[in-house]
**Q** 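Pasting a structure below so you can have a look.
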Amino acid sequence: MISANDLSPAELAALLHFHADAGVEWLLEEEAIDRFAEFEAMKAARRPAAAQAQQQHPAAGERPAPGQAPPRPNAATRPAPAERAASGPQPAIPDGEAVQQARFVAETARSLVELKTAIEAFNSCNLKHSARSTIFASGDAESGIMVIGSAPSAEDDREGMPFSGKSGQLFDKMLTAIGLNRSAILLTQVIPWRPPGNRAPSAAEMDICRPFIERQIALAEPKAILLLGNFSARFFFGENDTIHGLRGRWKEIAVADCVIPAIASLHPQDLLTAPVNKRLAWNDLLAFQAKLKSLSLLRN
């Protein structure tokens, strides 16, 4: 076992972040626990129950005597329904009822503030139960400019805001390069809760979250949208191509009664992983800047 004293501050911080991302909330108990003795006690407690079960049920391969009815399980020894449910994994895929609930919640919200409150109170999506934070739109809803990412990262979930950490720092530089900053635009993500392990959301989870992001767009009424990342581009464009095939071309997306021009580009995290693609993202940003100027949303 490696002692904390042998780790540098940076290594120790990285280890703590790793445990936090894995869902560990504490590392030490208030009092020392002898796990070996605890395990032996558990085995000893099981022996009488196993012996009783052996007496009440015939062993494998044994058959009841002629004329004797097969033994029935003792009701006292059968696990209660709650115990039987807890003994196995619970269903993880949301059903159609959850989608209907999400639509109702989204449609009844008359402002972004109401929608934020409604999403935070919504408990019918499995993603919420494993996430720390509900990530909602931030920035200026009156700007007419909207940037939509894919799903919260571990840093987003920890900080409670979209585009945090190193990818957020790079994102801020990208905005500055075209004369914007995050406080002057509306910034949000398709999925409000971080999927465990940063996995891709399932089809059912996307169906549940779709009313929320579409309602954000309908309430904000942006004049132009920048989509960042493969997932975000596929979600709105309805295509299965990669971000390299979807980026750099203006398309229209229809939400409620609005038809809005949108362009996709690489996510800042993609650029941290493959810096060579920064030139592609820069071309997309210039196209987005030109569109904003043509719509009088950005000064020349």
Side-chain angles (χ1 to χ4, degrees), residues 94-129 131-152 156-157 159-164 175 180-195 201-229 231-233 235-238 251-264 288 291-292 295-298:
D95 56 18
E97 183 179 351
V99 177
Q100 294 298 326
Q101 292 176 3
R103 289 174 181 167
F104 175 78
V105 166
E107 291 172 0
T108 53
R110 299 304 174 190
S111 67
L112 288 173
V113 174
E114 288 184 9
L115 183 59
K116 180 177 185 293
T117 301
I119 295 176
E120 290 174 340
F122 186 80
N123 293 314
S124 295
C125 183
N126 292 324
L127 294 177
K128 183 179 182 180
H129 304 309
R132 296 183 184 182
S133 306
T134 297
I135 309 300
F136 191 74
S138 63
D140 185 5
E142 304 295 328
S143 64
I145 306 170
M146 196 169 191
V147 178
I148 305 177
S150 299
D156 299 341
D157 193 32
E159 298 296 330
M161 61 181 294
F163 293 96
S164 300
L175 291 178
L180 295 172
N181 63 76
R182 67 166 65 208
S183 63
I185 63 176
L186 188 63
L187 179 62
T188 190
Q189 296 186 348
V190 174
I191 306 296
W193 302 289
R194 180 203 177 201
S202 69
E205 290 163 349
M206 289 190 289
D207 288 342
I208 288 178
C209 294
R210 181 177 292 276
F212 297 143
I213 184 60
E214 289 185 346
R215 188 59 176 163
Q216 289 182 57
I217 297 173
L219 291 171
E221 297 182 340
K223 302 296 187 296
I225 294 177
L226 173 63
L227 304 173
L228 294 178
F231 175 80
S232 180
F235 184 88
F236 284 103
F237 292 161
K251 299 185 178 183
E252 291 183 339
I253 58 177
V255 176
D257 297 329
C258 304
V259 178
I260 307 161
I263 189 172
F288 188 61
K291 172 67 76 172
L292 297 182
L295 296 172
S296 301
L297 298 174
L298 187 65

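It should be emphasised that the depicted structure is a prediction, and the values quoted were computed from it without experimental measurement.
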**Q** Checking side chain to side chain contact (heavy atoms under 4.5 Å, CB included) for the pair Ile148/Leu226: CA distance, chi angles, key distance, verdict?
**A** CA-CA 6 Å; Ile148 305 177; Leu226 173 63; over 6 Å; no

**Q** What closest approach, in Å, do Ala224 and Leu295 show between heavy atoms, and which atom pair accounts for it?
**A**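 Nearest pair, atom of Ala224 first, then Leu295: CB-CD1, 4.1 Å.
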
**Q** Could you tell me whether a side-chain N or O of Glu205 sits under 3.5 Å from a main-chain N or O of Ser202, the two making a donor and an acceptor?
**A**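 A pair under 3.5 Å: yes.
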
**Q** Tell me, yes or no, whether the heavy-atom count around Asn123 atom CG, taken from other residues, nucleotides or ligands under 6.0 Å, exceeds 12.
**A**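 Yes, enclosed.
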
**Q** Measure up the Phe212 and Trp193 rings against each other and bin them: parallel (under 30°), tilted (30 to 60°), perpendicular (over 60°).
**A**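 If you compare the ring of Phe212 with that of Trp193, the planes turn out perpendicular.
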
**Q** Got a donor-acceptor contact below 3.5 angstrom from the Ser143 side chain to the Asp140 backbone?
**A**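 Yes; at least one donor-acceptor contact below 3.5 Å.
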
**Q** If you look only at distance, which donor and acceptor atoms sit under 3.5 Å apart when one is on a side chain in residues 181-191 and the other is two or more places apart or in another chain?
**A**
residue, atom, partner, partner atom, Å
Asn181, OD1, Ser183, N, 3.1
Asn181, OD1, Ser183, OG, 2.4
Asn181, OD1, Ala184, N, 3.2
Arg182, NE, Asp172, OD1, 2.9
Arg182, NH1, Pro162, O, 3.1
Arg182, NH2, Phe163, O, 2.8
Arg182, NH2, Asp172, OD1, 3.2
Thr188, OG1, Gln216, OE1, 2.8
Gln189, NE2, Asp156, OD2, 3.2

**Q** Going through the checks in order, is the side chain to side chain contact (heavy atoms under 4.5 Å, CB included) test met by Ile225 and Ile263?
**A** CA-CA 7 Å; Ile225 294 177; Ile263 189 172; over 6 Å; no

**Q** Looking at every heavy atom in both Ser150 and Gly229, which two are closest together, and how far apart are they?
**A**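 Smallest interatomic distance, heavy atoms only, reads OG-CA, 4.0 Å.
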
**Q** Apply side chain to side chain contact (heavy atoms under 4.5 Å, CB included) to Ile217 and Arg215, showing your working.
**A** CA-CA 5 Å; Ile217 297 173; Arg215 188 59 176 163; over 6 Å; no

**Q** Roughly how far, to the nearest 0.5 Å, is CD of Glu120 from OG of Ser133?
**A**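 Answer for the OG-CD pair, Ser133 versus Glu120, is 9.5 Å.
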
**Q** If you look at every heavy atom in Pro195 and Leu127, which pair is closest and at what distance?
**A**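 Taking every non-hydrogen atom into account, CA-CD2, 3.7 Å.
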
**Q** Closest heavy-atom contact between Phe122 and Ala98?
**A**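 Here Phe122 and Ala98 meet closest at CZ-O, 3.8 Å.
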
**Q** Out of curiosity, Ile208 CD1 to Gln100 CD, how far, rounded to the nearest 0.5 Å?
**A**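 Going from CD1 on Ile208 over to CD on Gln100, the span is 11.0 Å.
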
**Q** Are the side chains of Leu298 and Leu180 in contact, using a 4.5 Å heavy-atom criterion?
**A**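 Result yes, sub-4.5 Å side-chain heavy-atom pair found.
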
**Q** Which residues pass the ring-ring contact (aromatic ring centres under 6.0 Å, His included) test with Phe237, not counting sequence neighbours?
**A**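 None.
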
**Q** Could you go through Phe236 and Ile213, starting from their C-alpha distance and side-chain angles, then the distance that decides it, and tell me whether this counts as side chain to side chain contact (heavy atoms under 4.5 Å, CB included)?
**A** CA-CA 10 Å; Phe236 284 103; Ile213 184 60; 3.8 Å; yes

**Q** If a pair satisfies side chain to side chain donor-acceptor pair (under 3.5 Å) and one of its residues is in residues 103-114, list it, with sequence neighbours excluded.
**A**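 Qualifying pairs, neighbours excluded: none.
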
**Q** How close do Met206 and Pro201 get, counting heavy atoms only, and between which atoms?
**A**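 Looks like CG-CB, 4.0 Å.
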
**Q** To the nearest 0.5 angstrom, please state how far the OG atom of Ser164 sits from the CG atom of Asp157.
**A**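 Interatomic distance, Ser164 OG to Asp157 CG, rounded to 0.5 Å: 10.0 Å.
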
**Q** Quick one: does Leu112's side chain get under 4.5 Å of Phe136's, heavy atoms only?
**A**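 In contact.
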
**Q** Which value, rounded to the nearest 0.5 Å, describes the distance between Arg132 atom CZ and Arg194 atom CZ?
**A**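 Those atoms lie 8.5 Å apart.
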
**Q** Let me confirm one number: the NZ-OG distance from Lys116 to Ser138, rounded to the nearest 0.5 Å.
**A**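 Output value for this atom pair is 10.0 Å.
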
**Q** Using modelled atom types and a 3.5 Å cut-off, is there a donor and acceptor pairing between side-chain atoms of Thr117 and backbone atoms of Val113?
**A**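 A pair under 3.5 Å: yes.
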
**Q** Please report the shortest heavy-atom distance between Leu227 and Ala233, naming the atom on each side.
**A**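 Smallest heavy-atom distance, with atoms named: CD1-CA, 4.2 Å.
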
